[in-house]
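The structure appears right after this line, and notes come after that.
FYI, the numbering just counts along the sequence from 1.
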Amino acid sequence: MILQASTSEVYGDPAVHPQTEAYWGNVNAIGPRSCYDEGKRCAETLFFDYRRQHNLAIKVARIFNTYGPRMHLNDGRVVSNFIVQVLKGEPITIYGDGRQTRSFCYVDDLIEGFIRLMATGPDVAGPINLGNPREFTIRQLAELVVEMTGSRSKLVEKPLPADDRMQRKPDITLAKKELGWEPTAPLEEGLRRTVEYFEGLLSRKSAEAAQ
Ligand code: UDP
């Protein structure tokens with residue numbers, strides 16, 4: 001059996017909200033993010049061709065924004081960026097006006113979804129959305145991180161990257177039905193554990209640098 005870790009990027013800049021698996025997406029074929037979006041879409045196509053032609057046992061999960069401990073310090077994703085900036089006392093970089101939305105899934109919830117997906121019978125191949133349906137603006141996320149850490153970091157606006165999506169939120173009706181799954185970690189709790197992780201990482205790094 002083989003799992004494809006696909007992505008919500010297959011929906012592109014979605015014209016349908018929230019995104020269900022039945023939505024085919026709104027993807028730019030030639031933009032700067034297209035190699036990622038189209039690469040994942042093509043991988044899904046190949047998975048389903050192999051299933052049809054060779055009866056390969058496949059499971060395709062469409063992963064929405066996920067965060068948690070063990071993210072890379074320089075991953076560049078919004079949650080790790082904001083936390084690391086706050087812990088270093090640097091300004092928080094909001095791309096655009098911060099009104100774009102995302103829904104953040106804590107990593108343990110995602111892993112539980114994978115385990116349940118892999119335990120399903122051969123008739124369940126997906127694609128199946130795995131993500132947290134609670135939607136936040138990027139500005140709300142920044143304010144929450146500031147509030148939780150008691151930081152004095154200022155919010156600064158930076159240019160919005162090309163093809164940045166305005167809205168993203170999974171419809172997880174299918175995952176609930178097929179896997180009996182839904183995320184359980186509230187954002188505040190997941191962020192608290194992630195802040196703890198980065199605090200530990202940064203203090204280890206500064207201890208190493210001092211040696
Ligand atoms: N973002 C931001 N500041 C950052 C990093 C990201 O405002 O330092 C924004 C980014 O423009 C996007 C959202 O946060 O609108 C989520 O970005 P991320 O790269 O984490 O995930 P993706 O765009 O793949 O959903």
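- Looking only at side-chain heavy atoms (C-beta outward), Ile172 and Pro133 come within less than 4.5 Å of each other.
- Val10 and Leu46 are members of different hydrophobic clusters when ILVMFWY side chains are connected at heavy-atom separations under 4.5 Å.
- Within the 4.5 Å cutoff, side-chain heavy atoms of Leu73 are placed close to those of Leu201.
- The shortest distance between side-chain heavy atoms of Pro18 and Gln167 does not fall below 4.5 Å.
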Would you give me the side-chain donor-acceptor pairs under 3.5 Å for residues 85-92, sequence neighbours excluded?
unit_1	atom_1	unit_2	atom_2	d
Gln85	OE1	Thr93	N	3.2
Gln85	NE2	Thr93	OG1	2.8

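- Going from atom OG1 of Thr194 over to atom CG of Leu187 covers 8.5 Å, rounded to the nearest 0.5 Å.
- Salt-bridge formation is detected for the pair Arg165/Asp37: a Lys NZ or Arg NE/NH1/NH2 atom is positioned less than 4.0 Å from an Asp or Glu carboxylate oxygen.
- Sequence neighbours left out, the pairs with a member in residues 195-209 that pass side-chain hydrogen bond (donor to acceptor under 3.5 Å, both in side chains) are Arg192-Glu196.
- With a 4.5 Å cut-off on side-chain heavy atoms, Asn55 and Tyr50 do not count as touching.
- At a threshold of 4.5 Å between non-hydrogen side-chain atoms, the residues Val78 and Phe104 count as touching.
- Contacts of Thr137 classified as side-chain contact (heavy atoms from CB on, under 4.5 Å), with partners at least two apart in sequence or in another chain: Thr101, Arg139, Gln140.
- Other residues sharing a hydrophobic cluster with Val27 under the 4.5 Å side-chain heavy-atom criterion for ILVMFWY residues do not exist; the residue is a singleton.
- Under the side chain to side chain contact (heavy atoms under 4.5 Å, CB included) rule, Leu174 has a single partner from Ile128, Leu130, Asn129, which is Ile128.
- When the side chains of ILVMFWY residues are joined at heavy-atom separations under 4.5 Å, either directly or via intervening members, Trp24 and Val16 end up in two distinct hydrophobic clusters.
- A salt bridge links Arg102 to Asp164: one of the charged nitrogens lies within less than 4.0 Å of a carboxylate oxygen.
- For the atom pair Gln100 CD and Asp13 CG, the distance stands at 11.0 Å (nearest 0.5 Å).
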What's the verdict on side-chain contact (heavy atoms from CB on, under 4.5 Å) for Met166 and His17, showing C-alpha distance, side-chain angles and the deciding distance?
CA-CA 11 Å; Met166 267 315 290; His17 196 75; over 6 Å; no
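- In this structure, NZ on Lys40 lies 10.0 Å from OG on Ser8, to the nearest 0.5 angstrom.
- Proximity of Tyr106 to Glu189: side-chain heavy atoms (C-beta onward) are nowhere separated by under 4.5 Å.
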Assess the residue pair Leu191 and Leu144 against the criterion (side-chain contact (heavy atoms from CB on, under 4.5 Å)); give the C-alpha distance rounded to whole Å, side-chain angles, the decisive distance to 0.1 Å, and a yes or no.
CA-CA 9 Å; Leu191 285 178; Leu144 189 59; 3.6 Å; yes
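- Linking Ile, Leu, Val, Met, Phe, Trp and Tyr whenever their side-chain heavy atoms come within less than 4.5 Å leaves Tyr95 and Val156 in two separate clusters.
- Side-chain contact, Asn28 with Asp163: a donor N or O sits under 3.5 Å from an acceptor N or O.
- Put simply, CZ on Arg41 and OG on Ser34 are 10.5 Å apart, with the number rounded to the nearest 0.5 Å.
- Val84 and Met148 fall within the same hydrophobic cluster, defined by Ile, Leu, Val, Met, Phe, Trp and Tyr side-chain heavy atoms under 4.5 Å apart, directly or through other members.
- How far CD of Glu147 is from CD of Glu188: 8.5 Å, rounded to the nearest 0.5 Å.
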Only distances under 3.5 Å count here; give the side-chain donor-acceptor pairs of residues 176-184 to other protein atoms, sequence neighbours excluded, each with its distance to 0.1 Å.
unit_1	atom_1	unit_2	atom_2	d
Trp181	NE1	Asp109	O	2.9
Thr184	OG1	Asp109	OD1	3.1

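- Taking all atoms of both residues into account, the shortest heavy-atom contact from Ser80 to Met71 is OG-CE, 3.8 Å.
- Linking ILVMFWY side-chain heavy atoms closer than 4.5 Å, directly or via other members, places Ile111 and Met1 in a single hydrophobic cluster.
- The shortest non-hydrogen separation linking Arg33 to Glu9 is NH2-OE2, 3.1 Å.
- Summarising the geometry, atom OH belonging to Tyr67 is positioned 9.0 Å from atom CG belonging to Leu141; distances are rounded to the nearest 0.5 Å.
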Please evaluate residues Leu3 and Met118 with respect to the criterion side-chain contact (heavy atoms from CB on, under 4.5 Å), reporting the C-alpha separation (whole Å), side-chain torsions for both, the decisive distance (0.1 Å), and the verdict.
CA-CA 8 Å; Leu3 170 74; Met118 295 311 272; 3.9 Å; yes
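- By the 4.5 Å heavy-atom criterion applied to side chains, Leu56 and Phe47 are not counted as neighbours.
- Across all non-hydrogen atoms, the minimal contact from Ala142 to Leu155 is CB-CD2, 3.9 Å.
- Within the 4.5 Å cutoff, the side chain of Ser103 has no heavy atoms near those of the Phe136 side chain.
- Other residues, nucleotides and ligands contribute only 12 or fewer heavy atoms inside 6.0 Å of the CZ atom of Arg152.
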Donor-acceptor contacts, no H, no angles, side chain residues 58-65, under 3.5 Å, sequence neighbours left out:
unit_1	atom_1	unit_2	atom_2	d
Lys59	NZ	Thr120	O	3.3
Lys59	NZ	Thr120	OG1	2.9
Lys59	NZ	Gly121	O	2.9
Lys59	NZ	Val124	O	2.7
Arg62	NE	Glu44	OE1	3.4
Arg62	NE	Glu44	OE2	2.9
Arg62	NH1	Tyr11	OH	2.9
Arg62	NH2	Glu44	OE1	2.7
Asn65	OD1	Arg168	NH1	2.8

